[in-house]
**Student:** 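Here it is: the structure, laid out below.
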Number of protein chains: 2
Amino acid sequence: MSTFNRVAIVGGTHGNEFSGIYLLKKWQASPALIRRASFETETLFANPNGFRDNKRYLDCDLNRQFLPADLANMELSNYEQSRAKVINAQLGPKGSARTDLVIDLHNTTSNMGPTIILLKADAFNTQLAAYVSSRMENAVILFEDHCSVEEHYFLCSIADQGIIVEIGPQSQSVVRQDVLDWMDEMTAHILDFVELFNKNEVPELPATVSAYRYEETLKLPESEDGERLGMVHKNVQDADFTVLRNGDPIFTLFDGTEVCWEGDYDAYPHFINEAAYYDNNLAMSLGKKVEIGVIR
Amino acid sequence: MSTFNRVAIVGGTHGNEFSGIYLLKKWQASPALIRRASFETETLFANPNGFRDNKRYLDCDLNRQFLPADLANMELSNYEQSRAKVINAQLGPKGSARTDLVIDLHNTTSNMGPTIILLKADAFNTQLAAYVSSRMENAVILFEDHCSVEEHYFLCSIADQGIIVEIGPQSQSVVRQDVLDWMDEMTAHILDFVELFNKNEVPELPATVSAYRYEETLKLPESEDGERLGMVHKNVQDADFTVLRNGDPIFTLFDGTEVCWEGDYDAYPHFINEAAYYDNNLAMSLGKKVEIGVIR
């Protein structure tokens with residue numbers, strides 16, 4: 001019996017991240033591309049009105065609306081809050097979902113390359129990480145397992161297994177072929193792996209896989225009343241997953257002053273200068289580099 | 001007597017092009033940076049509500065509203081059409097403007113580097129082009145002199161002399177330090193040149209300057225009902241100002257088909273895959289490489 005019977009690929013959770021939206025169109029025209037023998041694959045266009053208006057979202061970030069309490073709160077009724085409830089009913093419900101795996105396709109303006117974000121470090125996810133790493137040279141593995149899947153507010157947390165495919169750099173509201181091709185390839189590797197996992201045919205994998213683990217989020221320099229006072233330092237711009245050490249310059253204020261990072265660990269920045277995070281004056285996330293044991 | 005008595009530097013004509021907006025703040029805090037002895041310099045924040053809403057524009061593109069007939073048409077009354085009339089009253093009026101030179105600061109998501117767009121190939125502009133080229137190694141000179149200044153619909157066409165400083169690549173709604181520094185430097189070179197020009201102290205310049213001249217605009221592949229069918233080919237992405245020849249691949253359709261360029265000249269694409277141009281399904285502009293005589 002298969003572990004995974006039903007897989008959903010979600011695109012357009014953010015309406016101005018175009019790669020997933022155009023891949024969904026491609027796969028809807030050629031469903032064989034995402035078909036595998038041992039499970040059903042469906043596709044879902046999460047935020048069509050965001051795409052229509054060429055915006056990340058109309059009212060609030062759809063990919064932050066999937067906490068159980070928020071899904072249960074019928075007072076939360078704006079467009080994305082309503083979409084979250086509909087998607088949860090369609091693919092979930094969260095906690096006892098009819099979908100076994102959700103693959104949610106995202107773009108970032110940051111120079112993160114083809115990144116797969118995993119929410120657990122269990123047998124499935126560690127094997128998947130090792131498999132994708134072995135098949136795709138420039139793939140980056142990022143664990144965001146600092147909280148339980150239930151406690152995550154991401155769309156993909158509806159299912160027991162949720163994955164975010166996060167590819168950049170790509171400006172909002174643009175399609176880049178390199179980014180589209182990476183997303184297409186990474187999604188295919190994930191589907192291939194699920195097929196092998198279901199059939200108990202996962203090939204031999206290394207004992208560990210190199211990855212990053214989310215640690216913290218840094219804000220842009222701002223005044224007491226929230227006005228931005230500076231920007232990401234040019235040494236850090238585009239240097240996603242390049243080590244940052246205590247004392248390294250991290251921000252430049254608009255008056256030219258350099259600000260250095262004060263930290264007690266080797267940090268690996270990512271989501272550096274992501275456009276969508278300016279809403280909250282976020283500058284970047286920091287992670288630690290880790291060797292994750294592959295659980296067989 | 002000075003030729004240029006009054007110069008205006010305009011930022012935020014597009015509300016999500018942040019470099020000019022943050023430079024204006026910097027210069028307002030330190031006016032000496034843009035002060036020169038022989039002329040007055042003022043700054044103008046063209047589309048504050050676009051910035052407030054983090055959008056290029058609210059109703060229509062402000063940098064397309066400066067045709068004389070449109071400025072005179074009081075039926076055109078939306079936000080940007082109204083801003084155009086106010087700015088024209090403040091800096092113009094177009095045709096007999098009290099401002100001698102408008103420098104309008106823009107960003108592009110395309111990999112155009114620090115580009116200066118000039119609307120005339122007269123003595124002032126050709127000398128300016130040669131001066132900026134000699135002072136800034138990576139500066140790109142682009143002439144958009146295919147029509148008269150009066151026939152241009154750009155904001156900077158209000159004045160007899162108008163310049164667009166166009167720096168990329170930068171995602172919309174982001175500040176990159178490298179891009180900000182290039183814009184700051186290029187603007188300073190322009191102000192320095194105006195000062196030298198006024199004082200009749202322009203140094204010796206080469207007889208010609210290498211530049212590009214706008215030729216045509218290409219659309220993305222689309223269906224009869226306007227749906228996008230493809231994207232810029234990965235060979236062309238980021239290759240702004242790199243030659244494109246008849247038969248070179250230019251687009252990739254979403255089904256994988258490659259489309260080649262059919263043209264009878266050596267083309268130099270720019271504004272390649274610019275996010276803002278998706279509104280009209282524009283893929284890129286093409287120019288010709290030219291050696292422009294410097295008129296003394």
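The sequence lines fix the lettering, A, B, ..., with proteins before strands; numbering per chain opens at 1.
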**Student:** Measure L220(A) against the heavy atoms of chain B and call it side chain, backbone, both or neither at under 4.5 Å.
**Tutor:**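 It is neither, since no heavy atom gets under 4.5 Å.
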**Student:** So for V175(A), is it side chain, backbone, both, or neither that comes closer than 4.5 Å to the heavy atoms of chain B?
**Tutor:** both
**Student:** Distance from F254(A) atom CZ to L180(B) atom CG, nearest 0.5 Å?
**Tutor:**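 Between F254(A) CZ and L180(B) CG, I get 7.0 Å after rounding to 0.5 Å.
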**Student:** Between chain B and chain A, which donor-acceptor pairs sit under 3.5 Å apart?
**Tutor:**
from: Y22(A); atom 1: OH; to: R228(B); atom 2: NH1; distance (Å): 2.8
from: K25(A); atom 1: NZ; to: E227(B); atom 2: OE2; distance (Å): 3.0
from: S171(A); atom 1: OG; to: S171(B); atom 2: OG; distance (Å): 3.4
from: V175(A); atom 1: N; to: Y278(B); atom 2: OH; distance (Å): 2.9
from: V175(A); atom 1: O; to: N273(B); atom 2: ND2; distance (Å): 2.8
from: R176(A); atom 1: NH1; to: D238(B); atom 2: OD1; distance (Å): 3.0
from: R176(A); atom 1: NH1; to: D238(B); atom 2: OD2; distance (Å): 3.3
from: R176(A); atom 1: NH2; to: D238(B); atom 2: OD2; distance (Å): 2.6
from: Q177(A); atom 1: OE1; to: K234(B); atom 2: N; distance (Å): 2.7
from: Q177(A); atom 1: OE1; to: T252(B); atom 2: OG1; distance (Å): 2.9
from: E227(A); atom 1: OE2; to: K25(B); atom 2: NZ; distance (Å): 3.0
from: R228(A); atom 1: NH1; to: Y22(B); atom 2: OH; distance (Å): 2.8
from: K234(A); atom 1: N; to: Q177(B); atom 2: OE1; distance (Å): 2.7
from: D238(A); atom 1: OD1; to: R176(B); atom 2: NH1; distance (Å): 3.0
from: D238(A); atom 1: OD2; to: R176(B); atom 2: NH1; distance (Å): 3.3
from: D238(A); atom 1: OD2; to: R176(B); atom 2: NH2; distance (Å): 2.6
from: T252(A); atom 1: OG1; to: Q177(B); atom 2: OE1; distance (Å): 3.0
from: N273(A); atom 1: ND2; to: V175(B); atom 2: O; distance (Å): 2.8
from: Y278(A); atom 1: OH; to: V175(B); atom 2: N; distance (Å): 3.0

